[in-house]
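One structure below.
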Amino acid sequence: MTRYIIIGAGAVGASLAAQFELSGIDYALVGRGAQIRHIINHGLVYQRPAGIRQIRLKAFDTAEPPSLRQGDILLLTVKSQDAAEALAFWAWRTIEHSEALTVSSMPIVTFQNGLATETAALRFFPNVYGASILTPARFTETGHVVVGGDPQVAIVTVGRYPRGTDETAAKVVADLGRSDYIAETTSDIKRWKAAKLLHNVRNVLELFDGAEDERAVFSAALVEEAETVLKAAGHTFASPSERTISIAHWKIAENSGIRPGQQSTWQSFTRGVSSEVDYLNGEIVLLGRLHGIVTPHNRAAQEIAGSAARQDGFTAPLPFASLRQLAKNYLSFSTLIPSRPKAHQTG
Ligand SMILES: NC(=O)C1=CN([C@@H]2O[C@H](COP(=O)(O)OP(=O)(O)OC[C@H]3O[C@@H](n4cnc5c(N)ncnc54)[C@H](OP(=O)(O)O)[C@@H]3O)[C@@H](O)[C@H]2O)C=CC1
Ligand SMILES: CC(C)(CO)C(=O)C(=O)O
């Protein structure tokens, strides 16, 4: 029987474990720090629109990981900035009763927003499956995860990376479906990841104050830069009409404990842990630099969020005026720099 090894016990990972537990699907949840200690000792307080319950989970501290066996599938649910460390930690461990095989021979499913994790995983694992997950999930309090998706937990699209689909992708989708997710396979997961990044570059704005109309202008600029550089880098975007499943009745339930403006980046700041901004806005900045395109709004957002993350405590929104000014400065610098010369042809 397939067992899922869920790495990262936060909003996405702990809710997956809870859903598997409730559906009789075998799994092991591996986490770190106070969160996993709390889950091991007291269980998880799991809040969904239908109610709150305390669930005992098969949970392990990464300091004492479970041994892995043939047939296991890894689900990576840490944030992008923690993916490299987790991949290196798992890849070269041997598999129980198959000393010649390492964990890297197992399939791994990457749930991260952004575009960086799949290529990082391919460095170690030949069988990488990208998952694009749309879920209103919250982890801001130790031992407590809230999911506002209604009636299902989330919408998940899974495909082999960089392209294709196969029996493993179909198996993961079937098990997610049994566990109250709306799930589908795709043969082009890169298009879903790129389309999602167009939304996630706006997450950073939830850290800032400012008038709604000014924020809307800045938000549009973040997305426009993202679209331009992603296209320059050869990405195309999946559109909702490509879904093979209906999501018409899916919504974020009212009074579910999920509040607008408090998505995953805001949650990391609120918990005082590192944030994913370097892999969301930072991905746009990186691709811009690689393709000779300026990205002043994403750069300013990445820089201010990065500096703020180094300071203690996130108790008040960051000043939007500073963000706007820094973006303006980067925009005017860029007009002073001649555009990149075309590479000389040699030989
Ligand atoms: N939250 C949401 O609603 C959504 C999130 N996503 C995406 O899903 C991914 C996961 O996000 P999310 O669940 O919110 O993240 P969380 O921060 O809630 O959870 C990640 C957990 O993984 C732990 N962790 C980090 N490194 C390791 C490691 N090496 N081994 C074991 N555990 C580790 C973290 O510990 P610590 O607390 O110590 O850092 C944290 O508890 C992200 O890419 C995010 O963008 C996508 C859609 C919605
Ligand atoms: C789907 C969305 C926007 C919702 O929470 C998300 O991806 C995130 O929080 O990062």
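Not measured: the values here are computed from a predicted model. First listed ligand is number 1; within each ligand, the first listed atom is number 1.
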Seminar exercise, completed: Near F139 (heavy-atom distance under 4.0 Å), the atoms of ligand 1 are 18 (O), 41 (O)
For this session: Output every pair passing side chain to side chain donor-acceptor pair (under 3.5 Å) with a member in residues 245-256, not counting sequence neighbours, ordered by first then second residue.
Result: D150-K251
Problem set entry | Of the listed options V156, T135, I6, closest to atom 48 (C) of ligand 1 (non-hydrogen atoms) | T135
Exercise. In ligand 1, which numbered atoms sit nearer than 4.0 Å to a non-hydrogen atom of F111?
Worked result: 8 (O)
Problem set entry | Lys/Arg-Asp/Glu bridge criterion (N-O < 4.0 Å) met for D26, R69 | yes
Problem set entry | Stepwise ring pair (Phe, Tyr, Trp, His ring centres under 6.0 Å) test for F218 and H297 | CA-CA 7 Å; F218 201 95; H297 294 81; 4.9 Å; yes
Problem set entry | Identified side chain to side chain donor-acceptor pair (under 3.5 Å) partner of N298 from the options E283, E225, E303 | E225
Exercise. Which ligand 1 atoms are under 4.0 Å away from a heavy-atom of T77?
Worked result: 10 (C), 20 (C)
Problem set entry | Working for salt bridge (charged side-chain N to carboxylate O under 4.0 Å, His left out), residues E167 and K171 | CA-CA 6 Å; E167 278 174 14; K171 166 76 181 151; over 6 Å; no
Exercise. Does ligand 1 have any atom sitting under 4.0 Å from a heavy atom of R32?
Worked result: yes
Problem set entry | R138 heavy atom under 4.0 Å from ligand 1 | no
Exercise. Y129 and side chain to side chain donor-acceptor pair (under 3.5 Å): which partner among T185, T110, D166?
Worked result: D166
Exercise. So is R53 actually on top of Y46's ring, under 6.0 Å and inside 45° of the axis?
Worked result: no
Exercise. If we ignore angles and hydrogens, is there a donor and acceptor under 3.5 Å between the side chains of R191 and T186?
Worked result: no
Exercise. Short list, please: which atoms of ligand 1 are under 4.0 Å from a heavy atom of D82?
Worked result: 25 (C), 26 (N)
Exercise. Below 3.5 angstrom, do we get any N/O pair linking V12 and ligand 1?
Worked result: yes
For this session: For Q263 and ligand 1, answer yes if some heavy atom of the residue is under 4.0 Å from a ligand atom, otherwise no.
Result: no
For this session: Heavy atoms only: give me the nearest F125-M106 pair and the separation to one decimal.
Result: CD2-O, 3.5 Å
For this session: With atom 29 (N) of ligand 1 as the reference point, say which of S132, A86, G31, A83 has the nearest heavy atom.
Result: A86
For this session: Decide whether an N or O pair under 3.5 Å exists between Q35 and ligand 1.
Result: no
For this session: Within a distance under 4.0 Å of any heavy atom of Q112, pick out the atoms of ligand 1 and give their elements.
Result: 43 (O)
Problem set entry | Interfacing atoms of ligand 1 (cut-off 4.0 Å, heavy-atom, R271) | 16 (P), 17 (O), 37 (O)
Exercise. Taking V223 as the fixed residue, which of I284, L197, V201 is the one that meets the side-chain contact (heavy atoms from CB on, under 4.5 Å) rule?
Worked result: V201
Problem set entry | Shortest reach to atom 2 (C) of ligand 1 by a heavy atom, considering only S268, G114, A137 | A137
For this session: Output all residues satisfying side chain to side chain donor-acceptor pair (under 3.5 Å) with D209, sequence neighbours left out; order by chain, then residue number.
Result: none
For this session: For K196, counting its heavy atoms only, list the atoms of ligand 1 lying under 4.0 Å from any of them.
Result: 46 (C), 47 (C)
Problem set entry | Proximal candidate to atom 27 (C) of ligand 1 [heavy atom criterion; set I36, V78, I155, V30] | V78
For this session: Could you tell me whether some N/O pair between G13 and ligand 1 is separated by less than 3.5 angstrom?
Result: no
